[in-house]
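The basis for the numbers below is simple: all heavy atoms, side chains too, and nothing from hydrogens, waters or symmetry mates. The structure presented is a predicted model; accordingly, all values stated were derived computationally and were not measured.
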Amino acid sequence: QVQLVESGGGLVQAGGSLELSCANSGRTFSSSAMGWFRQAPGKEREFVASISWIGSSATYADSVQCRFTISRDSAKNTMYLQMTTLKPEDTAVYYCAARARGFTSPTRTIKEYNYWGRGNQVTVSS
């Protein structure tokens, strides 16, 4: 089964960079698209980025389009989110998610993801 674990979060100054990782602890990585979501205090969970199973296509939220880069390494069963030019408004708990096996296209819709990590805190100081 797919078991997702996020890592790489922490405290960073505004304008800095940080890279999040999402590893599948299961024996086999699902052949599905994956994505990143985030949730700030008092707000609903929102879409950040998503990448196809093959890795040939990706989509981003407008707020991170020019600053974040999503990627994946199937050999390591790991997905990444490289974050640059971080802003205080990026402060949130970041969640890794995966679609069910066979669903290979990126999606912004939270209900189309079947597996979730427990989240990792990212705090950007001003």
Side-chain angles (χ1 to χ4, degrees):
Q1 271 286 355
V2 176
Q3 296 181 352
L4 307 176
V5 180
E6 304 95 337
S7 63
L11 176 64
V12 64
Q13 294 182 344
S17 301
L18 204 62
E19 183 178 74
L20 300 180
S21 297
C22 173
N24 176 25
S25 63
R27 290 180 292 177
T28 303
F29 213 0
S30 177
S31 57
S32 65
M34 299 183 69
W36 289 97
F37 289 78
R38 67 186 182 186
Q39 187 168 21
K43 297 184 178 180
E44 295 184 348
R45 191 169 301 183
E46 66 176 359
F47 170 78
V48 176
S50 182
I51 188 168
S52 66
W53 166 244
I54 298 176
S56 58
S57 63
T59 185
Y60 298 86
D62 291 341
S63 60
V64 306
Q65 179 68 54
C66 299
R67 301 184 296 119
F68 292 8
T69 301
I70 188 172
S71 63
R72 66 191 300 168
D73 185 339
S74 59
K76 297 182 179 294
N77 291 333
T78 304
M79 177 180 66
Y80 306 92
L81 184 68
Q82 180 64 48
M83 305 181 290
T84 63
T85 319
L86 284 162
K87 306 174 181 179
E89 61 196 65
D90 293 318
T91 295
V93 175
Y94 283 70
Y95 296 89
C96 170
R99 304 189 71 186
R101 182 181 179 86
F103 293 85
T104 61
S105 300
T107 178
R108 297 168 176 263
T109 306
I110 190 169
K111 292 186 177 181
E112 294 183 349
Y113 291 87
N114 296 81
Y115 305 97
W116 293 86
R118 292 184 177 276
N120 198 19
Q121 178 70 44
V122 172
T123 302
V124 184
S125 62
S126 60

Would you say E6's side chain and R118's backbone share a donor-acceptor pair under 3.5 angstrom? yes
For S71, side chain to side chain contact (heavy atoms under 4.5 Å, CB included) partners two or more places apart: Y80
Closest contact, heavy atoms only, A14 versus S126: CB-CA, 4.4 Å
Between Q82 and T69, a side-chain donor and acceptor under 3.5 Å: no
Restricting to pairs with a member in residues 97-126, which pass disulfide bond (SG atoms under 2.5 Å apart), not counting sequence neighbours? none
Report all side-chain donor-acceptor pairs from residues 102-109 shorter than 3.5 Å, counting only partners two or more places apart or in another chain.
| residue | atom | partner | partner atom | Å |
| --- | --- | --- | --- | --- |
| T107 | OG1 | T109 | N | 3.2 |
| T107 | OG1 | E112 | OE1 | 2.5 |
| R108 | NH1 | Y60 | O | 3.4 |
| R108 | NH2 | T59 | OG1 | 3.2 |
| R108 | NH2 | Y60 | O | 2.7 |

A quick test of your reading: do over 12 heavy atoms of other residues, nucleotides or ligands sit less than 6.0 Å from CD of E44? no
Check side chain to side chain contact (heavy atoms under 4.5 Å, CB included) between S7 and all other residues, then give those that pass, not counting sequence neighbours. S21
Please collect all disulfide bond (SG atoms under 2.5 Å apart) contacts where either partner lies in residues 51-82, sequence neighbours excluded, each pair once. none
I'd like to know if the side chain of N24 reaches the main chain of Q3, judged simply by a donor and an acceptor atom lying under 3.5 Å from each other, with no hydrogens or angles considered. yes
Which pairs with one or both residues in residues 83-94 pass salt bridge (Lys or Arg N to Asp or Glu O under 4.0 Å), sequence neighbours excluded? R38-D90, R67-D90
Rounded to the nearest 0.5 Å, what separates atom CH2 in W36 from atom CE in M79? 4.5 Å
When clusters are formed from ILVMFWY side-chain contacts under 4.5 Å, directly or step by step, what else is grouped with Y113? F37, F47, V93, Y95, I110, W116
For T85 versus S17, what's the shortest heavy-atom pair and its separation? N-OG, 4.4 Å
Rounded to the nearest 0.5 Å, the CZ atom of R99 sits from the CE atom of M34 at a distance of 12.5 Å
Spacing of L20 atom CG and I70 atom CD1 [to the nearest 0.5 Å]: 10.5 Å
Side-chain touch Q13/S125, heavy atoms, less than 4.5 angstrom: yes
List in chain and number order the residues that pass side-chain hydrogen bond (donor to acceptor under 3.5 Å, both in side chains) with Q121, two or more places apart in sequence or in another chain; answer none if no residue qualifies. T123
Here the gap from R72 atom CZ to N77 atom CG, rounded to the nearest 0.5 Å, amounts to 9.0 Å
Say you draw a straight line from CG of N120 to CG of L81; how long is it, rounded to the nearest 0.5 Å? 11.0 Å
